[in-house]
Amino acid sequence: MSLESQLNIEELNRGLEKLTPKQIVEWVFDLKKKTIITTNFRPYEVAILHLIAKENPSIKVIWCDTGYNTPQTYKHAEELIETLNLNVHLYVPKQTVGHRNQILGLPSIEDPKHEVFTEQVKLEPFRRAMEEHQPEVWFTNLRKGQTAYRDSIGVLSFSKDGVLKVSPFYNWSDEDLDAYLSKQGLPNEFKYFDPTKVESNRECGLHI
């Protein structure tokens with residue numbers, strides 16, 4: 001029986017709103033389901049990586065690297081992988097950036113080619129990762145206030161494939177996370193670029 005048929009999401013979200021991110025993570029691991037976390041090392045990702053790796057150091061960390069990250073993001077990623085001892089599984093597009101630049105370029109979001117671009121650099125590598133690892137639970141750092149879609153879900157939601165998505169910091173603000181990072185002595189990095197979104201309040205396609 002799938003988790004989607006077992007869990008009452010609306011009822012659970014009402015209860016989980018009262019818990020801390022740490023308590024939410026502990027509740028998830030008590031489910032004893034096949035669990036992963038995805039990351040792109042964007043701003044504030046370090047908080048969820050730190051929290052979850054502390055609770056379960058061997059958890060698989062899925063990084064789908066578009067190939068268009070800033071030098072600062074790559075440096076930040078390497079720092080976190082080392083200091084948090086992350087069990088990273090890296091997925092990259094099947095075509096190099098150099099090759100794509102010659103035949104597709106970096107299309108704007110209004111360009112019809114942007115859909116093909118997004119499929120190549122983000123959706124296909126992500127599907128490949130999910131097919132390989134077959135998770136039942138997926139930790140992600142979605143937060144309320146990021147996009148209209150994200151405002152409509154809760155701590156728990158389901159992917160279109162029936163994977164339980166868990167966002168422990170869903171109700172936290174940037175200021176809350178700043179305080180967490182300061183308390184834990186963790187670095188953050190804001191020079192981040194997602195070529196499939198461009199605008200920070202635009203959904204990237206993985207979560208809808």
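Everything numeric in this text was worked out from a predicted model, so none of it was measured.
The backbone N or O of His133 sits less than 3.5 Å from a side-chain atom of Lys34, completing a donor-acceptor pair. A donor-acceptor pair under 3.5 Å is absent between the side-chain atoms of Asp30 and the main chain of Trp27, judged by distance alone. Side-chain N or O atoms of Arg42 include none that pairs as donor or acceptor with a backbone N or O of Tyr192 at under 3.5 Å. Under the 3.5 Å distance criterion, the side-chain polar atoms of Gln184 are left unmatched by any main-chain donor or acceptor of Leu181. Checking side-chain atoms of Thr73 against main-chain N and O of Lys191 turns up a donor-acceptor pair under 3.5 Å. Proximity of a side-chain donor or acceptor of Arg128 to a complementary backbone N or O of Pro93 within less than 3.5 Å is not detected. Asp161 contributes no side-chain N or O that, together with a main-chain N or O of Val163, makes up a donor-acceptor pair within less than 3.5 Å.
Separation of atoms CG (Asp178) and OH (Tyr44) is listed at 3.5 Å; rounding is to 0.5 Å. Atom CG of Leu123 is separated from atom OG1 of Thr196 by 7.5 Å, given to the nearest 0.5 angstrom. Distance check, rounded to the nearest 0.5 Å: NZ of Lys165 to OG of Ser157 gives 4.0 Å. From Ile62, atom CD1 reaches atom CG of Asn87 across 8.5 Å, with rounding to the nearest 0.5 Å. Distance CG/Leu84 to CD1/Ile52: 11.5 Å, rounded to 0.5 Å. For the atom pair NZ (Lys144) and OG (Ser173), the distance works out to 10.5 Å, reported to the nearest 0.5 Å.
The aromatic rings of Tyr180 and His50 stand perpendicular to each other, their planes meeting at an angle above 60°, with 30° marking the opposite boundary.
Taking every heavy atom of both residues into account, Thr20 and Gln23 meet most closely at N-OE1, 2.9 Å. Scanning both residues, Pro21 and Pro168, for their nearest heavy atoms gives CG-O, 3.5 Å. In this structure, Leu49 and Leu80 approach most closely via the heavy-atom pair CD1-CD1, 4.2 Å.
Using a 4.5 Å heavy-atom cutoff, the side chains of Pro43 and Asn188 are in contact. Residues Pro195 and Leu106 form a side-chain contact, since some pair of their non-hydrogen atoms from C-beta on lies under 4.5 Å apart. Considering only heavy atoms from C-beta on, Val46 stays 4.5 Å or farther from Glu189 through its side chain. Side-chain contact between Gln120 and Leu104 is present, with at least one heavy-atom pair separated by less than 4.5 Å. Between Phe158 and Leu164 there is a side-chain heavy-atom pair separated by less than 4.5 Å. For the pair Phe139 and Ile59, the minimum side-chain heavy-atom distance is below 4.5 Å. Looking at heavy atoms from C-beta onward, Lys60 lies out of side-chain contact with Pro135 at the 4.5 angstrom threshold. Between Phe41 and Asp65 the shortest side-chain heavy-atom distance does not fall below 4.5 Å.
The pair Arg127-Glu119 meets the salt-bridge criterion, since a charged nitrogen lies less than 4.0 angstrom from a carboxylate oxygen.
Residue pairs meeting the salt bridge (Lys or Arg N to Asp or Glu O under 4.0 Å) criterion with at least one partner in residues 6-27, sequence neighbours excluded, are Lys22-Glu26, Lys22-Glu55. Pairs of residues two or more places apart, or lying in two chains, that qualify as salt bridge (Lys or Arg N to Asp or Glu O under 4.0 Å) and include a residue from residues 79-97 are Lys94-Glu124.
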Side chain to side chain contact (heavy atoms under 4.5 Å, CB included) assessment of Val166 paired with Leu156: CA-CA 5 Å; Val166 185; Leu156 303 181; 3.7 Å; yes
Candidate pair Ile81 and Trp63, rule side chain to side chain contact (heavy atoms under 4.5 Å, CB included), full reasoning: CA-CA 11 Å; Ile81 290 168; Trp63 179 18; 4.2 Å; yes
Full working for side chain to side chain contact (heavy atoms under 4.5 Å, CB included) between Asp176 and Phe169: CA-CA 9 Å; Asp176 294 329; Phe169 291 99; over 6 Å; no
Evaluation steps, side chain to side chain contact (heavy atoms under 4.5 Å, CB included), between Arg143 and Leu177: CA-CA 11 Å; Arg143 288 192 290 135; Leu177 286 170; 3.4 Å; yes
